[in-house]
Amino acid sequence: MSDPHKILIIGGGAAGLELATTLGHALGKKGKAEITLLDATSTHIWKPLLHEVASGTLAEAEEVEYLAQAHRNHFRFRLGRMEGLNRAAKQVIVSPTLNDQGVELIPRRVLDYDTLVMSVGSVSNTFGIQGVDEHCMFIDTTTQAYRFQKQLVETYYIKSYAGENSLKDKPLSIVIVGAGATGVELSAELHEVTRLLASYGLEDSDKVKITIIEAATQLLPALPPRLSAATQQQLVKLDIQLKLGRRVTEVTATAVHTHDGEVFDADLKVWAAGIKAPEWMKNLDGLETNGINQLVVDQTLQTSDPDIFAIGDCAACAWQGHKGNVPPRAQAAHQQASTVAKTIINRLKKKPAVKFVYYDYGSLVSLGKHSTVGSLMGSLMGTVSVGGFIAYLVYLSLYKMHQVAIHGYFRTAMLSLSNLFRRSTHAKIKMH
Ligand SMILES: Cc1cc2nc3c(=O)[nH]c(=O)nc-3n(C[C@H](O)[C@H](O)[C@H](O)COP(=O)(O)OP(=O)(O)OC[C@H]3O[C@@H](n4cnc5c(N)ncnc54)[C@H](O)[C@@H]3O)c2cc1C
């Protein structure tokens with residue numbers, strides 16, 4: 001009997017984890033294929049929740065252990081970071097796995113595949129601006145989000161100390177560069193955190209200054225001006241300073257400099273200005289990439305090598321009927337995972353690949369619990385703006401769809417219930 005077909009998925013994020021779970025049930029359970037998921041970390045958090053991790057308002061229960069998920073859903077999980085590819089040998093090269101102290105746990109190794117799916121996501125694009133890498137914090141990974149949260153709380157403690165030479169009277173200044181969804185959502189979440197911390201007796205909320213700097217002249221540049229204007233009004237109400245049309249030229253340990261010569265003092269600096277695929281993907285054994293390192297794919301999400309697919313943020317897929325590519329968003333990752341799952345199931349039956357068609361269901365921006373969620377629904381109805389509670393529910397449903405894809409309906413309902421109870425008994429914000 002021949003070996004089962006080996007499907008290797010690199011990256012268990014919004015796209016990869018849904019794909020591994022679907023294929024586990026469709027193929028792995030019946031022994032029709034061997035599905036392996038490789039991820040650089042041992043747990044998964046849906047990335048749009050990272051601004052809540054960064055602000056300390058997310059319950060830890062939202063993390064998914066890959067090993068347990070794999071066991072329940074008929075695929076294998078391997079911990080490790082991909083660093084290269086050998087297409088001739090059909091092997092992925094995995095870096096040595098180190099522990100927190102830098103001790104090697106697993107040496108460099110290779111994983112074999114018959115079909116490979118790249119879904120490693122994206123990282124922040126710093127555009128080579130001086131000082132950004134050294135002095136800004138990023139919210140691209142769970143580790144970075146936790147690091148930001150720790151630094152935020154530590155800075156609060158320092159600022160609230162009232163002894164000799166204290167910094168108590170100087171406002172705590174947080175500068176966020178980038179007014180896309182990430183920057184806007186983070187600013188609103190941080191605004192809420194300042195209120196909560198003030199109510200716990202730390203720094204007064206009026207001593208915290210949150211500023212967003214953006215090169216474009218409107219917030220949320222990817223959205224229609226009407227929606228961005230509504231969002232702008234909300235942020236102004238929250239007392240968030242907006243500096244639009246300012247291009248950052250340099251970041252230092254204490255400030256952010258813009259092209260017009262302004263200098264913004266900052267205790268905490270967050271970079272959220274655009275994305276790119278990781279640098280190591282630029283030279284992936286001859287696969288075609290674009291200017292931001294994404295793997296170029298056709299309408300079946302196949303790269304120039306028919307045995308290699310790319311989905312999610314690391315893929316450059318032309319958006320049919322629109323200018324440019326499918327945007328790097330959670331709903332695109334979700335839809336691409338479904339399409340590639342169908343194609344791979346077809347492949348094993350020697351049937352043709354399924355063409356990917358992107359449906360944009362709109363963009364939703366959460367402005368914190370007590371504020372309206374501005375939103376836009378681009379669908380069969382055309383484009384309409386919705387706000388308030390309805391928008392909040394639609395925003396929530398995007399995450400619920402992800403949870404249903406990886407846990408099923410029953411577990412998603414149980415998780416939602418337990419989260420509700422947990423929130424009613426625990427502190428609203430993490431302080432450590
Ligand atoms: C703070 C924030 C808020 C956002 N809000 C929204 C929103 O409201 N709506 C929306 O639609 N989108 C939002 N996005 C974008 C959305 O999160 C992404 O488009 C989506 O997660 C992309 O899915 P993905 O599977 O391609 O990548 P990811 O979800 O990023 O997953 C990539 C996975 O690959 C793993 N990985 C990376 N490198 C390697 C390697 N070398 N080897 C092995 N594994 C690796 C990572 O550990 C990770 O698990 C937000 C993003 C951020 C950062």
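Every value quoted in this text rests on a predicted model; they were computed, and no experiment measured them. Atoms within each ligand, like the ligands themselves, are counted from 1 in listed order.
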Point-to-point distance, once rounded to the nearest 0.5 Å, from OG1 of T155 to CD1 of I174:
8.0 Å
Heavy-atom contacts under 4.0 Å between [X] and ligand 1: side chain, backbone, both, or neither?
X: A14; value: both
X: Y66; value: side chain
X: H44; value: neither
X: W46; value: neither
X: A333; value: side chain

Is it true that the side chains of [X] and [Y] contain a donor and an acceptor less than 3.5 Å apart?
X: E34; Y: H5; value: no
X: D140; Y: S124; value: yes
X: E65; Y: T43; value: no
X: N86; Y: Q91; value: no

With respect to [atom], which of [options] exhibits the smallest heavy-atom separation?
atom: atom 37 (C) of ligand 1; options: L49, V120, V92; value: V120
atom: atom 47 (O) of ligand 1; options: I311, L17, D39; value: D39
atom: atom 45 (C) of ligand 1; options: G12, A40, P48; value: A40

Short N/O distance, under 3.5 Å, between [X] and ligand 1?
X: C314; answer: no
X: I139; answer: no
X: A15; answer: yes
X: D313; answer: yes
X: I10; answer: no

Considering only heavy atoms of [X], which atoms of ligand 1 have at least one such atom less than 4.0 Å away?
X: W280; value: 41 (N)
X: G312; value: 26 (O)
X: E185; value: 5 (N), 8 (O)
X: T182; value: 1 (C), 2 (C), 3 (C), 52 (C)
X: A330; value: 10 (C), 11 (O), 12 (N), 16 (C), 19 (O)

N/O donor-acceptor pair under 3.5 Å between Q299 side chain and A318 backbone
yes
Polar side-chain atom of R329 near backbone of P327 as donor-acceptor pair, under 3.5 Å:
no
Of all the heavy atoms in [X], does at least one lie under 4.0 Å from an atom in ligand 1?
X: S119; value: yes
X: G80; value: yes
X: P278; value: no

Are there more than 12 heavy atoms of other residues, nucleotides or ligands under 6.0 Å from atom CG of N283?
no
Does some side-chain heavy atom of I345 sit less than 4.5 Å from a side-chain heavy atom of L348?
no
Could you walk me through whether L186 and L190 satisfy the side chain to side chain contact (heavy atoms under 4.5 Å, CB included) test, starting with their C-alpha distance in whole Å, then the side-chain angles of each, then the deciding distance to 0.1 Å, before giving a yes or no?
CA-CA 6 Å; L186 180 66; L190 286 176; 4.0 Å; yes
Sidechain N-carboxylate O distance under 4.0 Å for D307, R347
yes
Step-by-step salt bridge (Lys or Arg N to Asp or Glu O under 4.0 Å) determination, D305 to R87
CA-CA 9 Å; D305 180 331; R87 290 203 283 142; 3.2 Å; yes
Test of ring centre spacing under 6.0 Å for H402 and H44
yes
